[in-house]
Amino acid sequence: MAYWLIKSEPSNYSWQQFQKDGKTSWDGVRNYAARNHLQAMKKGDQVFFYHSNEGLEIVGIAEVLKESYPDPTLPDKGWVAVDFKPKKTLKRPVTLKEIKEDESLSDMALLRLSRLSVQPVKEKEWKMILKKAGEK
DNA sequence: GCCAACGTTGGC
DNA sequence: GCCAACGTTGGC
């Protein structure tokens, strides 16, 4: 099982909206690095949902519902989409500030590659963040 | 609203 | 194939 992090601007698509929808299709990604990560996702993988621009915090955990398939908004160009479903809202959101302050998380892609919208999370980082969120 | 970081584009 | 110009993302 692998761990990931996806970003969304709440004004565009928020965690609350995601929960209301029950699932969502992550399409429209037009970045090669992000696409490669989408393609590597397996059903059941766990995914942090991060609010960028506003909030600046990890708000919940999603799960891969459907592995990558041709992006319906641009099917012939090799871009892909992945379906997610919301799994759990964190007891306490984990802010970018907290992540920055933690030495052991200084290597996270969130900090090093701040512009990448789909990125891998190491198991160690995953557990660390869950702990900060007040989860087991 | 500004600006740094980074990806993409296009001229040579 | 290099690199400058430009556009976009995202934190501040």
Side-chain angles (χ1 to χ4, degrees):
Chain A
M1 157 125 68
Y3 302 103
W4 310 92
L5 181 144
I6 56 176
K7 292 185 192 177
S8 182
E9 299 186 25
S11 60
N12 189 35
Y13 193 77
S14 69
W15 174 252
Q16 285 74 20
Q17 185 63 44
F18 183 26
Q19 281 189 305
K20 203 181 292 176
D21 293 347
K23 68 168 188 171
T24 192
S25 138
W26 216 255
D27 56 25
V29 171
R30 298 289 181 266
N31 173 288
Y32 290 105
R35 186 200 64 183
N36 291 342
H37 294 318
L38 285 178
Q39 281 176 327
M41 289 183 185
K42 297 286 178 202
K43 189 173 159 74
D45 278 359
Q46 306 291 293
V47 184
F48 280 137
F49 193 99
Y50 175 79
H51 276 169
S52 66
N53 278 320
E54 297 167 46
L56 308 185
E57 57 193 14
I58 295 169
V59 286
I61 298 170
E63 187 176 314
V64 176
L65 189 61
K66 187 179 175 192
E67 293 176 19
S68 68
Y69 55 95
D71 187 337
T73 66
L74 209 61
D76 300 328
K77 305 285 184 185
W79 297 110
V80 299
V82 171
D83 288 355
F84 297 110
K85 66 175 179 192
K87 193 182 175 195
K88 187 176 207 311
T89 303
L90 294 180
K91 282 193 189 118
R92 211 176 61 75
V94 178
T95 64
L96 181 64
K97 186 165 177 289
E98 287 176 81
I99 292 169
K100 277 188 170 173
E101 282 167 358
D102 193 321
E103 187 66 24
S104 60
L105 294 175
S106 62
D107 199 35
M108 270 192 83
L110 186 64
L111 303 181
R112 292 188 304 108
L113 303 168
S114 66
R115 287 187 51 204
L116 188 59
S117 58
V118 179
Q119 47 186 254
V121 174
K122 297 189 192 93
E123 190 178 354
K124 198 183 78 180
E125 296 163 348
W126 180 271
K127 286 180 176 163
M128 201 67 146
I129 288 165
L130 281 190
K131 205 169 157 193
K132 289 180 190 303
E135 308 282 346
K136 294 227 175 83

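Model, not experiment: these values are computed from the prediction.
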Check: For atom OH of A:Y69, is the number of surrounding heavy atoms from other residues, nucleotides or ligands below 6.0 Å larger than 12?
Finding: yes
Notebook entry, point to check: If you draw a 6.0 Å radius around NZ in A:K132, do more than 12 non-hydrogen atoms from other residues or ligands fall strictly inside?
Noted result: yes
Notebook entry, point to check: Taking NZ, NE, NH1 and NH2 as the nitrogens, is one of them in A:R92 or A:E98 under 4.0 Å from a carboxylate oxygen of the other?
Noted result: yes
Notebook entry, point to check: Quick one: A:L111 CG to C:dG11 P, roughly how many Å, whole number?
Noted result: 10 Å
Margin query: Nearest whole Å is fine: how far is C:dG10 P from A:N12 CG?
Written below: 11 Å
Note to self: Please verify the inter-ring angle class for A:W26 with A:F84; under 30° counts as parallel, over 60° as perpendicular, anything in between as tilted.
What the structure shows: perpendicular
Notebook entry, point to check: For A:E101, does the CD atom sit with more than 12 other heavy atoms under 6.0 Å from it, leaving out its own atoms?
Noted result: yes
Checklist line | Base-contact (B) and sugar-phosphate-only (S) positions in nucleotides 4-9 of chain B, heavy-atom cut-off under 4.0 Å, - elsewhere | finding: -BBSS-
Item checked: Whole-Å distance separating the CD atom of A:E101 from the P atom of C:dG11 -> 15 Å
